[in-house]
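Each remark here refers to the structure printed beneath this line.
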Amino acid sequence: MRILAVDWGEKRVGLAVSDESGRFALPRGFALRRSDREAIGKIVDLARQEGAETILLGLPLKMQGGEGDAAGRVRKLSTILEKASGLPVVLRDERLTTQEARERLRAAGVKPRDIPEKIDETAAVILLEDYFSELSGKAKAHAAGPQSQD
């Protein structure tokens, strides 16, 4: 199953897509966010091009876990995106993905001046990788089944 991950930002929308097997996250650049309508159109177009079956949208929670204005905007956006694409939209906690993206890019030797251009798509990759880990953990727990008691 192909999943399109979206890291919605104030200036740029980072994009990443899974491979066919749903095991690898591949960066797909970013869309400049001139308007919500334009960004949504680009997301829907990419979802169709990539054959995505689901859109994974980062939910910007506060560090304490609560929701603020940004999370409320993303929740509304998810409804619009679901209608525009005809695909299910899954919201996923995106706390610290941008910070982790910055650290990964520095560790990979990306020049500081190039980091802003790469950070959003890298955050989308991390969002997707975290989602895969979560699904994998649930699958392992489900496969293990109830523990027998001797």
Side-chain angles (χ1 to χ4, degrees), residues 1-63 65-140 142:
M1 167 167 49
R2 269 221 149 116
I3 300 171
L4 175 64
V6 178
D7 178 59
W8 190 266
E10 291 299 315
K11 295 180 182 179
R12 287 180 297 272
V13 177
L15 303 163
V17 69
S18 69
D19 67 327
E20 284 289 330
S21 68
R23 293 161 73 195
F24 299 102
L26 310 166
R28 286 298 185 254
F30 64 89
L32 286 176
R33 190 174 147 238
R34 294 180 183 98
S35 72
D36 288 355
R37 178 178 287 194
E38 182 182 354
I40 289 168
K42 288 181 180 181
I43 292 166
V44 170
D45 288 347
L46 182 60
R48 288 185 181 131
Q49 289 170 11
E50 294 288 348
E53 297 172 47
T54 301
I55 296 173
L56 181 66
L57 181 60
L59 182 64
L61 298 176
K62 293 181 176 184
M63 288 308 293
E67 292 190 16
D69 293 340
R73 284 191 300 273
V74 168
R75 283 195 181 278
K76 287 178 188 173
L77 172 73
S78 71
T79 302
I80 296 166
L81 193 53
E82 204 165 61
K83 287 178 185 174
S85 67
L87 298 173
V89 175
V90 176
L91 295 171
R92 177 80 167 78
D93 181 359
E94 69 169 25
R95 282 179 287 179
L96 302 176
T97 56
T98 300
Q99 181 180 353
E100 184 177 339
R102 189 175 288 113
E103 290 171 7
R104 281 189 188 187
L105 291 167
R106 284 186 187 135
V110 175
K111 294 176 184 173
R113 70 174 179 265
D114 296 333
I115 287 177
E117 297 260 326
K118 301 273 185 197
I119 201 158
D120 299 295
E121 73 177 355
T122 305
V125 165
I126 293 166
L127 186 68
L128 197 46
E129 290 172 347
D130 288 350
Y131 186 66
F132 292 155
S133 293
E134 181 181 299
L135 292 177
S136 174
K138 286 181 182 176
K140 288 178 186 172
H142 181 69

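When all heavy atoms are compared, the tightest approach of Ala123 to Ala101 is N-CB, 3.8 Å. For the residue pair Ala39 and Trp8, the shortest heavy atom distance occurs at CB-CH2, 3.5 Å. Considering all non-hydrogen atoms of both residues, Ala124 and Ala5 come closest at O-CB, 3.5 Å. The two residues Leu4 and Ile43 have their closest heavy-atom pair at CD2-O, 3.6 Å. For Leu32 against Lys42, the heavy-atom pair with the smallest separation is O-NZ, 4.4 Å. Between Thr97 and Asp7, the shortest heavy-atom contact is OG1-OD1, 4.2 Å.
Remark: the backbone N or O of Val13 is not paired with any side-chain donor or acceptor of Arg33 at under 3.5 angstrom. Arg12 places a side-chain N or O within 3.5 Å of a backbone atom of Pro116 that can act as its donor or acceptor partner. Here the side chain of Glu82 pairs a donor or acceptor atom with the backbone of Val89 at under 3.5 angstrom. At least one donor-acceptor pair closer than 3.5 Å links the side chain of Asp19 to the backbone N or O of Arg23. Side chain of Ser18 to main chain of Ile3: a donor-acceptor pair is present (N/O by atom type, distance under 3.5 Å, no hydrogens or angles).
Looking at Asp36 and Arg73, their side chains never come closer than 4.5 Å, going by heavy atoms from C-beta outward. Looking at heavy atoms from C-beta onward, Leu128 lies out of side-chain contact with Leu26 at the 4.5 angstrom threshold.
Here Leu81 contributes atom CG and Lys76 contributes atom NZ; the two are 16.0 Å apart, rounded to the nearest 0.5 Å. In this structure, the separation between CZ on Arg75 and CG on Leu91 is 5.5 Å, given to the nearest 0.5 Å. Atoms CZ and CD1, from Arg106 and Ile115 in turn, are 5.0 Å apart once rounded to the nearest 0.5 Å. The structure places CD1 of Ile55 at 5.0 Å from CG of Leu87, a figure rounded to the nearest 0.5 Å.
Among Asp93, Val74, Leu127, Val90, the one residue that satisfies the side-chain contact (heavy atoms from CB on, under 4.5 Å) test with Leu59 is Val74.
The local environment of CD in Glu117 is sparse, with at most 12 non-hydrogen atoms from other residues, nucleotides or ligands closer than 6.0 Å. Open room surrounds CG on Asp69; 12 or fewer heavy atoms of other groups in view lie less than 6.0 Å from it.
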Check the pair Lys83 / Thr79 against side chain to side chain contact (heavy atoms under 4.5 Å, CB included), numbers first and verdict last.
-> CA-CA 6 Å; Lys83 287 178 185 174; Thr79 302; 4.1 Å; yes
Could you walk me through whether Met63 and Leu96 pass the side chain to side chain contact (heavy atoms under 4.5 Å, CB included) check?
-> CA-CA 9 Å; Met63 288 308 293; Leu96 302 176; 3.8 Å; yes
So Leu46 and Gln49, side chain to side chain contact (heavy atoms under 4.5 Å, CB included) or not? Walk me through it.
-> CA-CA 5 Å; Leu46 182 60; Gln49 289 170 11; 3.9 Å; yes
Go through the steps to decide whether Glu20 and Arg2 satisfy the test salt bridge (charged side-chain N to carboxylate O under 4.0 Å, His left out), and finish with yes or no.
-> CA-CA 5 Å; Glu20 284 289 330; Arg2 269 221 149 116; 3.3 Å; yes
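Remark: Glu121 does not engage Arg28 in a salt bridge, criterion side-chain N to carboxylate O under 4.0 Å.
The cationic group of Arg92 does not satisfy the cation-pi geometry with Tyr131, failing either the under 6.0 Å distance to the six-membered ring centre or the 45° limit from the ring axis.
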